[in-house]
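Remarks on the structure that follows.
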Amino acid sequence: MAQVEKRGGLLRKSSASKKPLKEKVVLMYDEIFMTEDPSKCSPRFWEELFLMKVNLEYLEGKLESLDGEELMKIKDNINCLFQHCIQALGEEHPIRVVNALQNLMESLDSLLCAEGSESLKSLCLKLLLCLVTVTDNISQNTILEYVMINSIFEAILQILSHPPSRREHGYDAVVLLALLVNYRKYESVNPYIVKLSIVDDEATLNGMGLVIAQALSEYNRQYKDKEEEHQSGFFSALTNMVGSMFIADAHEKISVQTNEAILLALYEAVHLNRNFITVLAQSHPEMGLVTTPVSPAPTTPVTPLGTTPPSSDVISSVELPLDADVQTSNLLITFLKYSSIVMQDTKDEHRLHSGKLCLIILTCIAEPMRHRKKAADKNLPCRPLVCAVLDLMVEFIVTHMMKEFPMDLYIRCIQVVHKLLCYQKKCRVRLHYTWRELWSALINLLKFLMSNETVLLAKHNIFTLALMIVNLFNMFITYGDTFLPTPSSYDELYYEIIRMHQSFDNLYSMVLRLSTNAGQWKEAASKVTHALVNIRAIINHFNPKIESYAAVNHISQLSEEQVLEVVRANYDTLTLKLQDGLDQYERYSEQHKEAAFFKELVRSISTNVRRNLAFHTLSQEVLLKEFSTIS
C-alpha cells in the first residue's frame, strides 16, 4: 500500500502519476481567500469549518502571502472569519471552541506581522486586549492558555521595532505584553517572561523604551498644563530637573490620573531584561520630531490616561520637558519627573500604590545601575543621572513626615539610597553630589521618628527604619573615603554628625530605654543601640576637643572652618569598631515579597483596560473607508 505523507495541507501519494489531494479544511481556507462569500453556496460553511482540525501551517502561509492590496480585496471574508470565530467561542461544543480560537489567534498573529492596513492591526491589538482582560483576574482567563502555547510575542516585538507601526500601535502593544507577562507568573513557566528576559535587539528595546517614555511624558505634560491653570509659571519655578517638586499643602496638589499600565510595562522591562538598563539613559532621535497625522484627527472623548495612548491617531514623538530650560530626552529623567509628581500626594490609596510601584522600579534600577566616572570639575553643567535619583529620594524624605506616615515607602526610599552607596563603594566611584542635603534629610527624619514615638509605634516598627538610617551613616563613616569625591567631603560628614550630636544623643537615649525594658521593642531597639557605637565614638571623641579649643582661644561659638580644623587634627586618635555587612543588601525579589501587591495591581489594570478600551481612538473616517462592511 502506498505511503501517504502530509505537508503544507496536501495529502501526497508516493506515486508521482497522481495529483496531490488537498484536505477539506485547506479547500475551505482557499474559499475564504477568494473574493466570493464562501457561505453563499454552502450555508453551513462556517459551522463545518470549526469542526475541522485546524491546519495552522497552511493558514499562516496564506495570510503571510497577502499584500495590502490583496488583503483589501478579501476584507469581507476576513471580517466574517473573525466574526464567526468569536461567535464560536461562546458555543458549548468544545471542538468548535478550540478550533475557532486557533483560527482567530493565528489570524491575529499573522495580521499583526503583515504589511498592510494599520487600522486592521489596531483592531487586532484591541481585540487581543479584550480577550486578555475578559476576566479581572487574568490568571483565571483560560483563553490565555492558548496564547501561551501559540505565542504572539514576536508579533508584538515586530511592532515595537518598526517605527511607523510603533507610533501607531506601540502603546497597545506594550500594555498587552505587560499583561501577558503577568499570566500565572507565580504558578507555571510563562513563555512571555522567558522571552522578554532574553531580548537583546537594540531596535526593539529602544522602541519599547520610547513608547513608555512618550506615555509618561504625556502624563507630565498634562500635569504641567493643569498646574499652569492654577498658577502660571509656578511649576517651572518649582522644578529643577526632578528636585523641589513636592508641595506641602494638600489643597494645592494637582490631580492627573496616574498610568499604572505603562508603569507595569516599565517595571517588567527593568526587572526581567538586563539589557533594558542601557535604554534608560539613551537619547531617542525620534524625541525631537513632531509627527502630524495625514488628515485631521476627529474629536474624541477624553478617557483615563492609564488605559489609552497619549494621542488619538498617532503617538506624538515630541518630548515635552517640564522645565523649558532643561532639554531632556531619555526615559529615566522622564520617569523621575513622573515619580516626583505621583509621590506628591500619598494620602490617597491609589496614589500610594503608584508611589510604591515607582519606588519598586527605582529599586530594580538601582541594583544594576552604572555611574560613569567624571572629572572632578564642579563647574561641569551636567551631572550623572544617579544624582537625579538621589535628589528624588531626598525630596521624598523631607516632604512626607506626616501623621499618616508612609512607612513602607520610606523603607523603599532608604533601600534605594543604600544600594546606590553599595555600588559606589564596590566600584570606588567618587560621585560629586551635595551629600550634606542627604545627611540633613536623614537626621531630620530621625528627629521626626523620635518626636512622634508614641503615635508611630502604635502602627509601625520605627526601629527598622531608624536602623537603616543609622547604617547609612555607618556606610559613610566606614567606607566614605573610597567614594566621597574629596577629603573635605569626609570632613564635612564628621562636622554634620558633630553639629547634630543632640539628635543622635536623643536617639541613643530612646533606644537604650526601650532595649532595657522587657517590652515588645526590646530586640529591635537593641539593634539600633549597637549600630550607634561609631557615631557615639565620633561625638564623644571630638566634642571635648572642640570645647577645649574654644576655651583656649576664648571663642564663644566656633565657625565651621574652625571645627573642621579640630577634626582634621584629631583623626589619628579616633578609634572606631569594624562593623560587618554594611555594604550588603538583600536583592529584590518579587515572588517572595511583592506577589500580593502585583496580583492586585494587575487586576486593577485589567479592569481599567477593559472598561476604557478606546476603539474610538481610531479615526472613524479611516475605518469607514477601509472596512465599510464592519457591522
Side-chain angles (χ1 to χ4, degrees), residues 25 46 49-60 63 81-113 121 123-159 172-199 261 264-265 267-268 271-272 590-591 595-596 598-611 613:
V25 71
W46 297 108
L49 176 66
F50 297 124
L51 289 173
M52 301 284 175
K53 183 179 180 181
V54 177
N55 189 324
L56 290 177
E57 182 182 357
Y58 189 79
L59 180 58
E60 181 181 4
L63 287 165
L81 174 61
F82 273 57
Q83 178 186 351
H84 286 90
C85 281
I86 293 171
Q87 287 177 348
L89 291 178
E91 294 191 12
E92 294 182 1
H93 200 302
I95 293 178
R96 285 182 178 171
V97 173
V98 170
N99 290 339
L101 184 57
Q102 286 187 303
N103 279 296
L104 178 61
M105 296 309 301
E106 182 57 45
S107 301
L108 290 172
D109 185 37
S110 298
L111 292 173
L112 284 174
C113 293
K121 286 186 180 181
L123 284 174
C124 288
L125 277 169
K126 294 184 186 302
L127 177 56
L128 283 165
L129 284 170
C130 280
L131 291 172
V132 169
T133 61
V134 72
T135 58
D136 289 349
N137 183 350
I138 63 171
S139 293
Q140 294 177 350
N141 185 349
T142 53
I143 292 177
L144 291 188
E145 199 58 44
Y146 181 83
V147 186
M148 294 295 115
I149 299 170
N150 298 273
S151 174
I152 57 171
F153 184 83
E154 288 72 21
I156 293 174
L157 261 55
Q158 187 169 326
I159 288 173
D172 284 345
V174 163
V175 172
L176 176 62
L177 179 58
L179 290 170
L180 291 173
V181 163
N182 280 274
Y183 174 72
R184 296 185 179 176
K185 66 192 307 185
Y186 309 120
E187 304 165 23
S188 59
V189 177
N190 182 321
Y192 289 83
I193 293 177
V194 177
K195 291 183 178 183
L196 179 58
S197 68
I198 60 175
V199 173
L264 179 65
Y267 165 76
E268 298 296 358
H271 178 225
L272 296 175
E590 176 188 327
Q591 183 168 354
F598 277 99
K599 283 179 180 178
E600 191 58 37
L601 177 71
V602 173
R603 180 187 292 268
S604 173
I605 292 172
S606 178
T607 303
N608 279 335
V609 169
R610 181 177 69 250
R611 183 185 300 129
L613 196 59

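- Looking at heavy atoms from C-beta onward, F153 lies in side-chain contact with L177 at the 4.5 angstrom threshold.
- Separating the OG atom in S139 from the CD atom in E187 is a distance of 5.5 Å, to the nearest 0.5 Å.
- Among residues at least two apart or in separate chains, salt bridge (Lys or Arg N to Asp or Glu O under 4.0 Å) pairs with a member in residues 139-152 are E145-R184.
- When every heavy atom of V174 is checked against every heavy atom of A265, the shortest pair comes out as CG1-CB, 3.2 Å.
- Interatomic distance, CD1 of I143 versus CD1 of I138, reported as 12.5 Å (0.5 Å rounding).
- Using a 4.5 Å cut-off on side-chain heavy atoms (C-beta onward), L179 and L129 make contact.
- Residues L180 and I152 form a side-chain contact, since some pair of their non-hydrogen atoms from C-beta on lies under 4.5 Å apart.
- In this structure a side-chain-to-backbone donor-acceptor pair under 3.5 Å is missing from D136 to T607.
- Using modelled atom types and a 3.5 Å distance limit, the side chains of E268 and Y192 yield no donor-acceptor pair.
- Under the side-chain contact (heavy atoms from CB on, under 4.5 Å) test applied with L176, the options I159, T133, V132 reduce to a single match, V132.
- For S606 (side chain) and N137 (main-chain N/O), no donor-acceptor pair under 3.5 Å exists by modelled atom type.
- Of the inter-residue distances, the one linking R610 atom CZ with L131 atom CG reads 12.5 Å to the nearest 0.5 angstrom.
- To the nearest 0.5 Å, atom NZ of residue K126 and atom SG of residue C130 are 9.0 Å apart.
- Heavy atoms only, all atoms of each residue included: A595 and Q591 are closest at CB-O, 3.5 Å.
- The side-chain tip of K185 points at the ring of F598 from less than 6.0 angstrom away and within 45° of straight on.
- Residues N182 and L264 meet the side-chain proximity criterion, which asks for heavy atoms closer than 4.5 Å.
- Residue I193 holds its CD1 atom at 8.5 Å from OG of S188, rounded to the nearest 0.5 Å.
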